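To start, the structure under review is shown below, and the notes come after it.
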Amino acid sequence: MSITLNGQPVTLLKKVREVGSEAPSARVKMVNNETKVIGMMADKVQVIITLPSAAHCNSELVELISRHSDKSLLYIFSPELIKTVEPANSSIDFIKVAQKFGVFIDKTLCAPAVFIINKDGEIVYKEIAVTVEDLFDIAKLETALEEAIAFKKRGHTHENWMSV
């Protein structure tokens, strides 16, 4: 996969992740110095956002994070410190995450992208911007996030079996 940088196509490095595949896990250090493991099964939907710069974190994105922070785990990774996001939810430790999610450009840059991971650790939504200067579609992201949060698994569960 490639992205346009300064009018030239640039190949995004490392593994390409597809919707429906298992999300990669990564141990990352957040701005508040807390170490977190992302991408695995979790009690909430996870949203992994990569941004090439702090300027990409606009008010729409900050508002979306604020609206959904109680029902999902939202993380932003960027080479630059993003002061408008809670330090527990942002990281400049972007290289490992960008490589594992296939949005790595070089040691100073990643593509603007978003991945939604369901509670089972599977990627259910993926969007990578066309150019490094662009941002992904916030309205589309919000719709996909609300659907992922509202999703209820059907079929056999231990609790259903025990109530028979």
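This one's a predicted model, so the numbers in the text were calculated from it and none came from an experiment.
- For CZ of R27, the number of neighbouring non-hydrogen atoms (other residues, nucleotides, ligands) closer than 6.0 Å is 12 at most.
- Nearest heavy atoms, K100 versus A26: CD-CB, 4.0 Å.
- Grouped by direct or indirect side-chain proximity (heavy atoms under 4.5 Å, Ile/Leu/Val/Met/Phe/Trp/Tyr only), I138 sits with V45, V47, I49, L51, L61, L64, I65, L74, I76, I82, V85, V114, I116, V124, Y125, L135, F136, L141, L145, I149.
- The line from CE of M41 to OG of S25 is 13.0 Å long, rounded to the nearest 0.5 Å.
- Rounding to the nearest 0.5 angstrom, the gap separating the CD atom in E60 from the CD atom in E142 is 9.5 Å.
- Put simply, the side chain of Q46 gets close to the backbone of G39: a donor and an acceptor are under 3.5 Å apart.
- Within the 3.5 Å criterion, the main-chain N or O of K14 finds no donor-acceptor partner in the side chain of Q99.
- K29 approaches S91 most closely through the heavy-atom pair O-OG, 2.6 Å.
- Atom CD of E133 has more than 12 neighbouring heavy atoms from other residues, nucleotides or ligands inside a 6.0 Å radius.
- Taken to the nearest 0.5 Å, the CD1 atom of I105 stands 10.5 Å off from the OG atom of S2.
- For the atom pair E86 CD and S66 OG, the distance stands at 9.0 Å (nearest 0.5 Å).
- A continuous path of hydrophobic side-chain contacts links L5 to I95 [ILVMFWY only; heavy atoms under 4.5 Å].
- Here the CG-CG distance, from L13 to D106, works out to 8.5 Å after rounding to the nearest 0.5 Å.
- Residues C110 and P52 share a closest heavy-atom pair of O-CB, 3.2 Å.
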Audit row: M30, I38, side chain to side chain contact (heavy atoms under 4.5 Å, CB included) steps and yes/no: CA-CA 11 Å; M30 307 311 283; I38 61 162; 5.9 Å; no
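- Among pairs with a residue in residues 56-112, those fulfilling ring-ring contact (aromatic ring centres under 6.0 Å, His included) read F101-F115, at least two apart in sequence or across chains.
- Under the 3.5 Å distance criterion, the side-chain polar atoms of D120 are left unmatched by any main-chain donor or acceptor of E122.
- Surrounding CD1 of I92 are at most 12 heavy atoms belonging to other residues, nucleotides or ligands under 6.0 Å away.
- The nearest pair of heavy atoms linking E34 to A88 is OE1-CB, 4.3 Å.
- Between the side chain of T50 and the backbone N or O of A111 there is at least one donor-acceptor pair closer than 3.5 Å.
- Side chain of K44 to backbone of D70: a donor-acceptor contact under 3.5 angstrom is found.
- A heavy-atom distance below 4.5 Å is not found between the side chains of D134 and P112.
- Residue R17 forms a side chain to side chain contact (heavy atoms under 4.5 Å, CB included) with just one option from I117, I48, V103, I123, and that option is I123.
- For D93, there are no side chain to side chain donor-acceptor pair (under 3.5 Å) partners, not counting sequence neighbours.
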